[in-house]
Asker: 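Pasting a structure here, questions to come.
Residue numbering restarts at 1 for every chain, and letters A, B, ... go by the order of the sequence lines.
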There are 2 protein chains.
Amino acid sequence: MKCISESTEERIKEAAKTVFLEKGFDGTTTRDIAKVAGINSALMNYYFRSKEKLFQSIFNDMCTLMFEGMLDLVNRPISLRDKISKLMDHQFQMMMQNPNLTIFIMNELHRNPERLYATVGMAKKIPESIFHQQIEDAIAQGIITPIDSHHIMTMIIANIQFLFVSKPMTMLAQGLDEAGFNAFATRHMEYVKDMICDYLFKPELSS
Amino acid sequence: MKCISESTEERIKEAAKTVFLEKGFDGTTTRDIAKVAGINSALMNYYFRSKEKLFQSIFNDMCTLMFEGMLDLVNRPISLRDKISKLMDHQFQMMMQNPNLTIFIMNELHRNPERLYATVGMAKKIPESIFHQQIEDAIAQGIITPIDSHHIMTMIIANIQFLFVSKPMTMLAQGLDEAGFNAFATRHMEYVKDMICDYLFKPELSS
DNA sequence: CCTTTTTTTAATCAATTGATTAAACTTTTT
DNA sequence: AAAAAGTTTAATCAATTGATTAAAAAAAGG
């Protein structure tokens, strides 16, 4: 459905996304973006007022990409076990398609937490979700190990996303190519799913 | 034991470490470093030939800081259970003292994997350690769940280090200050230790 | 005390940076 | 088709960048 020749604004945003994700804000020049987009470098300032504004737009998009699917999932009316499984699958799929999404967001946030404060507002909504209540209910019913939902969320995110944050390191240390890494990541996911589910849904508690 | 007035070279390296860890290679100017070190900006080129050379030196130091303790531990002749516990404790302590060590290394490696290839050679030595053999033995004896040591190492590292990679995000999302984050991290560590040990050392296998 | 070497400084270089301008080109409107 | 509005371009700006220079200052050697 995508037009063959997209609008100039779209081309700039696409190029900016590519370059910002690869080189970060500091490592990116406006001329880089213009070159990748195949446009005159002044056009960047015509459509977006500055490099900063363009970046904010891209960063916002990336945060949405990161959180909207998760936010949808945590509020879906499905069983806890199913939800946790789907959360992990969704995140893994998202990271396979955007391997450097996490390192980009984490790094820019680290460099400038206050500047990007408004943009990551979405992240705040996850703790307030139905998921949180489901956890508390399950604990009250003795179905899962007593643990705050923040910690569960952190376990899920850490085990999946760190795989991709450390992708270059893993490839170097294990001498893997792209396909080798993907195989390793896919296998690791199975272990992690087992580990987290085993920990939460202990058999002696589920009776 | 530190001298009151250290050598100029030391002051430059200390300043460079501070600034590079906070702003990254691209975000750091040589004048930044000179300012923090309290020296003339030409002195940086006098002691280290270039910004690149100075960075390589710092990056190498940070990799050593990251891996040398772990490398020592994985080769120590202690029981597997004890080793895994000590590995986690050591990493947690290290990250508490250098919260942005991981995001720094991972980010610079992501931006320039080939340039820093030589520096991260240490990471390769971990898979070849006594730890690896211990895991295989334990699996053969049916003491732990059958799983490659790479995956175990990844689980340990991911669950601890991602905590600090995502520190700004966590603080924003949960509205924590420094002390609040440290409390959260300390609590999280206990859960993670339980989870990983429970997963590996399954009761039904230890008989 | 003078010479030699090492360390430090201020001044400056060429290159690159984000951004602006004014003019040229396109498209839309009338 | 003429006018107006919107889009794109080349040329250029001031500021900042990593790096070099030559001279000054300090330390070391005789």
Asker: I need the CG-P distance between B/D32 and D/dT17, as an integer number of Å.
Answerer: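 Result: 7 Å.
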Asker: In whole angstroms, how far is the C1' atom of C/dT17 from the CD1 atom of A/I33?
Answerer: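 Answer to the nearest Å: 13 Å.
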Asker: Tell me whether the side-chain N/O atoms of A/Y46 come closer than 4.0 Å to OP1 or OP2 in D/dG6.
Answerer: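 The answer is no; no side-chain N or O of A/Y46 sits under 4.0 Å from OP1 or OP2.
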Asker: Considering the options A/M88, A/M95, A/M96, which one meets the side-chain contact (heavy atoms from CB on, under 4.5 Å) requirement together with A/F92?
Answerer: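 So the option named by the test is A/M96.
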Asker: With sequence neighbours left out, which residue pairs that include part of residues 113-124 of chain A fulfil the side chain to side chain donor-acceptor pair (under 3.5 Å) condition?
Answerer: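 Residue pairs with at least one partner in residues 113-124 of chain A: A/E52-A/R115, A/Y117-A/K124.
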Asker: Please state how far atom CZ in B/R11 lies from atom C1' in C/dT8, giving the value in whole angstrom units.
Answerer: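 Between C1' of C/dT8 and CZ of B/R11: 12 Å.
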Asker: Grab the CG-C1' distance between B/L54 and D/dG18 for me, whole Å please.
Answerer: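 Atom CG in B/L54 sits about 12 Å away from atom C1' in D/dG18.
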Asker: In whole Å, I'd like the distance from the CG atom of B/L43 to the P atom of D/dA25.
Answerer: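 For the pair B/L43 CG and D/dA25 P, the rounded distance is 15 Å.
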Asker: Within this structure, what is the NZ-to-P distance between B/K35 and D/dT16, rounded to whole angstrom?
Answerer: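 Whole-Å distance recorded here is 11 Å.
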Asker: Using nucleotides 19-27 of chain C, report all nitrogen or oxygen pairs with the protein that are shorter than 3.5 Å.
Answerer:
{"residue": "C/dA19", "atom": "OP2", "partner": "A/K51", "partner atom": "N", "Å": "2.8"}

Asker: By the ring-ring contact (aromatic ring centres under 6.0 Å, His included) test, which pairs, at least two apart or in different chains, include something from residues 28-51 of chain A?
Answerer: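 Sorted pair list comes back empty.
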Asker: Please, which pairs that meet salt bridge (charged side-chain N to carboxylate O under 4.0 Å, His left out) have at least one residue in residues 148-161 of chain B, sequence neighbours excluded?
Answerer: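 Passing the test, one end in residues 148-161 of chain B: no pairs.
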Asker: Using the salt bridge (charged side-chain N to carboxylate O under 4.0 Å, His left out) rule, collect all pairs that involve residues 79-88 of chain B, keeping only residues at least two apart or in two chains.
Answerer: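 Pairs touching residues 79-88 of chain B that pass the test: B/D82-B/K86.
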Asker: Report which part of the nucleic acid A/F48 touches: base, sugar-phosphate, or nothing (heavy-atom distance under 4.0 Å, all strands).
Answerer: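 Contact class for A/F48: none.
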Asker: Quick one: ring-ring contact (aromatic ring centres under 6.0 Å, His included) pairs with a partner in residues 23-42 of chain B, sequence neighbours left out?
Answerer: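 ring-ring contact (aromatic ring centres under 6.0 Å, His included) check on residues 23-42 of chain B returns B/F25-B/F55.
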Asker: List the residues meeting salt bridge (charged side-chain N to carboxylate O under 4.0 Å, His left out) with B/R187, not counting sequence neighbours, and say none if there are none.
Answerer: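 In terms of salt bridge (charged side-chain N to carboxylate O under 4.0 Å, His left out), with neighbours along the sequence ignored, B/R187 is linked to no residue.
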Asker: Taking the basic N atoms (NZ, or NE/NH1/NH2) and the acidic carboxylate oxygens, is any pair closer than 4.0 Å for A/K167 and A/E178?
Answerer: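 Yes, charged N to carboxylate O under 4.0 Å.
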Asker: Going by number, which of residues 18-29 of chain A have a non-hydrogen atom under 4.0 Å from DNA chain C?
Answerer: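 Correct list: A/T28, A/T29.
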Asker: With sequence neighbours excluded, what pairs up with A/D32 under the salt bridge (charged side-chain N to carboxylate O under 4.0 Å, His left out) test?
Answerer: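 Testing A/D32 for salt bridge (charged side-chain N to carboxylate O under 4.0 Å, His left out), a comparison that skips the adjacent residues, returns A/K23.
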